Amino acid sequence: MLQINYIREYREEAITKLAKRGFDAKATFEDIVAKDDLRKETQNKLDDILAQSNQIAKEIGAYFKNGEKEKAEEAKAKTVTLKQQSKTLSEKLNQVSDDLQELLIHIPNVPNDNVPNGKTPEDNEVVKEEGDIPKLHSEALPHWELAAKYDLIDFELGTKISGAGFPVYKGKGARLQRALINFFLDRNTEAGYLEVQPPHLVNEASGFGTGQLPDKEGQMYHVTGDNLYLIPTAEVPVTNIFRDVIVKSEEFPIKYTAYTPCFRREAGSYGKDVRGLNRLHQFDKVEIVQLQKPSDSYQTLDEMVEHVTELLKDLELPFRILKLCGGDMSFTSALTYDMEVYSAAQKRWLEVSSISNFESYQANRLKLRYKDENKNNVLCHTLNGSALALPRIVASILENHQDEKGIRIPKILVPYTGFEYIN
RNA sequence: GGAGAGAUGGCAGAGUGGUCGAAUGCGGUGGUCUUGAAAACCAUUGUACAGCAAUGUACCGGGGGUUCGAAUCCCUCUCUCUCCGCCA
């Protein structure tokens, strides 16, 4: 959520920047400023009435104490109008504040200046491409066939138990998953991230804090009996650790990592996008989250990209880094890098990480602040990224590392899997 | 699931209708003392909105009500704890 003072101060600039993501903010901003003016005006009037009421109440107290009953009754009479006025004004204030909030939460984050122009994924900017795309032998298979051939993943079994998009990992397939989780967590903690295990179901306030609610309600599984949501990413519970918190500036950078399953309804997806491991309703992901001082957050973003880059290199996967264009960025992000691995049998790039700086957008919803040098409370910047999402990594390992004998496990993972080959 | 108790500032914990944004203790910050530290002593120490400021207003789990006046009384919701039951 943007800060009202930011909108007031940088209105034209913000309109221009938001246009980059195809959002026309002009009319909304006008409404917002007008509503905010009205809010201030109403608040001032109300404060004035309340001040008068408080004054009279004090006087009445004093009269009673001195036994001056008539005077007290006289004063009481004066409060009748004030009471009526304060009631009307506070109702109006509530209404105006609600309206204002409603307008504010539907404005996406302002893109950073470095965000490329564009509307669709084709407009994303490739900033780096690394690793060799393997030349597969003639019998090479896509990962869903490899998974069946070596009995690593049973999609039909998952469908029986739950439905499409809920695979069952078996044997070396399950072991590979566990190896990846441990590898990622080890590397993240070595890089200074604190490992946490957060809840997998969150309440409404948490969903609101990171921006999933109210707009993306349909993306999450909703447990209506208890009004809880299954997390679509560990970003939600981990970032919400800091909801309503004022951190000390010397605590920066605050770095957390968590492994969680992620649950996504993915309504409307179809075709090759959902084949095999490409898009699932439940998948595993290790997430990294950082809180930073505004002045340092972009340096932190670069560091996070670098960290994930190292993971991909160590997994011996060809990958590329995209800087997302305005039209392809998520609602809450100011700048996002996507990391994609190449899946050689499918001949497609698969997104395995999305690393974003939300600047103060989430922090404003979360009321997450820090005390600066002048002891003012200032909104933090929040960042997060996948390090990494498992299924597409698995898909890419299976496809890229297949040969006539089977599937070779990347060297770095062998200590975790306990085997070098799947065959 | 049944019965009961409770929710107050960073923490602990007073406060049952007026002078309470809230005693006291701990913690934090600044200072005095000290070669330095500890101890002791003194001072200070919540958040938000409006305002250049003085200051005003709001906040004692959330929402509503009674009253001239609510942390305090009433209603309601949420959460926590204790005991019993069940159970990984």
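Throughout, protein chains are lettered first and strands after them, A, B, ... in sequence-line order, and every chain is numbered starting at 1. Everything quoted here is computed from the prediction, not taken from an experiment.
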Enquirer: Do nucleotides 69-81 of chain B as a string where each nucleotide becomes B, S or -: B if the base has a protein heavy atom under 4.0 Å, S if just the sugar-phosphate does, - if no protein is that close.
Expert: S------------
Enquirer: Looking only at atom C1', what distance separates A70(B) and U16(B), rounded to whole Å?
Expert: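 Comparing C1' positions in A70(B) and U16(B) gives a spacing of 10 Å.
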Enquirer: Using a heavy-atom cut-off of 4.0 Å across all strands, would you classify K71(A) as base, sugar-phosphate, or nothing?
Expert: nothing
Enquirer: Can you tell me if K371(A) touches the phosphate of G10(B), counting only side-chain N or O atoms and a distance under 4.0 Å to OP1 or OP2?
Expert: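 For K371(A), the contact criterion (side-chain N or O under 4.0 Å from OP1 or OP2 of G10(B)) is not met.
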Enquirer: Output the rounded distance in Å from CD (E68(A)) to C1' (G18(B)).
Expert: 16 Å
Enquirer: Would you say the side chains of N112(A) and Y298(A) form a donor-acceptor pair under 3.5 Å?
Expert: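 The answer is yes; a qualifying pair exists.
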Enquirer: Using the C1' atom on both, measure G27(B) against G46(B) and round to a whole Å.
Expert: 14 Å
Enquirer: Contact class for A75(A) vs. all strands (heavy atom < 4.0 Å): base, sugar-phosphate, or nothing?
Expert: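 Contact class for A75(A): none.
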Enquirer: Given atom CG of D48(A) and atom C1' of G51(B), what is their separation to the nearest angstrom?
Expert: 13 Å
Enquirer: By nearest nucleotide on RNA chain B, pick out whichever of N44(A) and Q52(A) is the more 5' one.
Expert: N44(A)
Enquirer: For F242(A), enumerate each residue passing the ring pair (Phe, Tyr, Trp, His ring centres under 6.0 Å) test, keeping only those at least two apart in sequence or located in another chain.
Expert: Y256(A)
Enquirer: Taking atom CD of E310(A) as the centre, report whether more than 12 heavy atoms of other residues, nucleotides or ligands fall under 6.0 Å from it.
Expert: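 For E310(A), atom CD is crowded (more than 12 foreign heavy atoms under 6.0 Å).
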Enquirer: Round to a whole Å and report the spacing from CD of E59(A) to C1' of C68(B).
Expert: 11 Å
Enquirer: Other residues, nucleotides and ligands only: do more than 12 of their heavy atoms fall within 6.0 Å of NZ on K26(A)?
Expert: no
Enquirer: Should R369(A) be listed as having a side-chain N or O under 4.0 Å from OP1 or OP2 of U47(B)?
Expert: no
Enquirer: Who is the Watson-Crick or G-U wobble partner of U72(B), with both distances under 3.5 Å?
Expert: none
Enquirer: Partner lookup for C33(B), please. Criteria are Watson-Crick or G-U wobble with both distances under 3.5 angstrom; report none if nothing qualifies.
Expert: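 Because no pair has both required distances under 3.5 Å, C33(B) counts as unpaired.
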Enquirer: Do the ring planes of Y370(A) and F252(A) sit parallel (below 30°), tilted (30 to 60°) or perpendicular (above 60°)?
Expert: perpendicular
Enquirer: T79(A) or I246(A): which one's nearest nucleotide on RNA chain B is closer to the 5' end?
Expert: I246(A)
Enquirer: So, OP1 or OP2 of U47(B): does either fall under 4.0 Å of a side-chain N or O from N377(A)?
Expert: yes
Enquirer: Mind calculating the distance between CD (E251(A)) and P (G10(B)) to the nearest angstrom?
Expert: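 The answer, rounded to whole Å, is 15 Å.
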Enquirer: On a whole-Å scale, what distance lies between the C1' atoms belonging to A58(B) and C41(B)?
Expert: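 Each nucleotide's C1' atom is 37 Å from the other's.
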Enquirer: Using the C1' atom as the point on both nucleotides, what is the distance between C83(B) and G13(B), in whole Å?
Expert: 25 Å
Enquirer: Tell me whether the guanidinium CZ or amine NZ of K172(A) lies under 6.0 angstrom from the six-membered ring centre of F419(A) and within 45° of its axis.
Expert: yes
Enquirer: Could you state the NZ-P distance from K367(A) to U47(B), rounded to the nearest angstrom?
Expert: 15 Å
Enquirer: Looking only at atom C1', what distance separates G69(B) and G85(B), rounded to whole Å?
Expert: 48 Å
Enquirer: Expressed in whole Å, how much space separates the C1' atoms belonging to A14(B) and G64(B)?
Expert: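 Their C1' atoms lie roughly 28 Å apart.
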Enquirer: Expressed as a whole number of Å, how far does the C1' atom of A5(B) sit from that of G61(B)?
Expert: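 Taking atom C1' in both A5(B) and G61(B), they lie 16 Å apart.
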Enquirer: Rounded to the nearest angstrom, tell me the gap between atom CG in D244(A) and atom C1' in G62(B).
Expert: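 The distance from CG of D244(A) to C1' of G62(B) comes to 13 Å, rounded to the nearest Å.
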Enquirer: In the structure shown, which nucleotide is the Watson-Crick or G-U wobble counterpart of C60(B), with both distances under 3.5 Å?
Expert: none
Enquirer: So do the side chains of P232(A) and Q219(A) get within less than 4.5 Å of each other, counting heavy atoms only?
Expert: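 Counting from C-beta outward, P232(A) and Q219(A) never come under 4.5 Å.
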Enquirer: Considering only U47(B), G18(B), U57(B), which nucleotide approaches the side chain of D47(A) most closely?
Expert: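 The listed nucleotide nearest to D47(A)'s side chain is U57(B).
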Enquirer: Which nucleotide, if any, forms a Watson-Crick or G-U wobble pair with C20(B), using both distances under 3.5 Å?
Expert: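 Across all strands, not a single nucleotide pairs with C20(B).
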Enquirer: Could you tell me if K293(A) and S249(A) have a donor-acceptor pair between their side chains, going purely by distance under 3.5 Å?
Expert: no
Enquirer: For L50(A) and A50(B), what is the distance between atoms CG and C1' respectively, to the nearest whole Å?
Expert: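 So the CG-C1' distance, L50(A) to A50(B), works out to 13 Å.
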Enquirer: Would you classify I56(A) as touching base, sugar-phosphate or nothing, given that sugar-phosphate means primed atoms plus P, OP1 and OP2, and contacts are heavy atoms under 4.0 Å?
Expert: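 It contacts nothing in the nucleic acid.
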Enquirer: With no hydrogens and no angle check, is any side-chain donor or acceptor of R265(A) less than 3.5 Å from a backbone partner on G218(A)?
Expert: yes
Enquirer: Using the C1' atom on both, measure U66(B) against C75(B) and round to a whole Å.
Expert: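 Between the two C1' atoms, the distance is 10 Å.
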Enquirer: Got a sec? Which of residues 85-101 of chain A come in under 4.0 Å of RNA chain B, heavy atoms?
Expert: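 Those residues: none at all.
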Enquirer: With both distances kept under 3.5 Å, what pairs with U44(B), Watson-Crick or G-U wobble?
Expert: G28(B)
Enquirer: Do I412(A) and L315(A) touch side chain to side chain, with heavy atoms closer than 4.5 Å?
Expert: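 Yes - at least one pair of side-chain heavy atoms lies under 4.5 Å apart.
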Enquirer: Could you tell me which nucleotide pairs with U82(B) by Watson-Crick or G-U wobble geometry, both distances under 3.5 Å, or answer none if nothing does?
Expert: A3(B)
Enquirer: Mind checking whether E30(A) and R11(A) have side chains closer than 4.5 Å, heavy atoms only?
Expert: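 With C-beta onward as the side chain, the pair touches.
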Enquirer: Is there a Watson-Crick or G-U wobble partner for A50(B) with both distances under 3.5 Å, and if so, which one is it?
Expert: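 Looking at the geometry, A50(B) pairs with U55(B).
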Enquirer: Taking atom NZ of K87(A) as the centre, does the number of heavy atoms from other residues, nucleotides or ligands within less than 6.0 Å exceed 12?
Expert: no
Enquirer: Using whole Å, report how far CG of N66(A) lies from P of G18(B).
Expert: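 Rounded to the whole Å, the gap is 16 Å.
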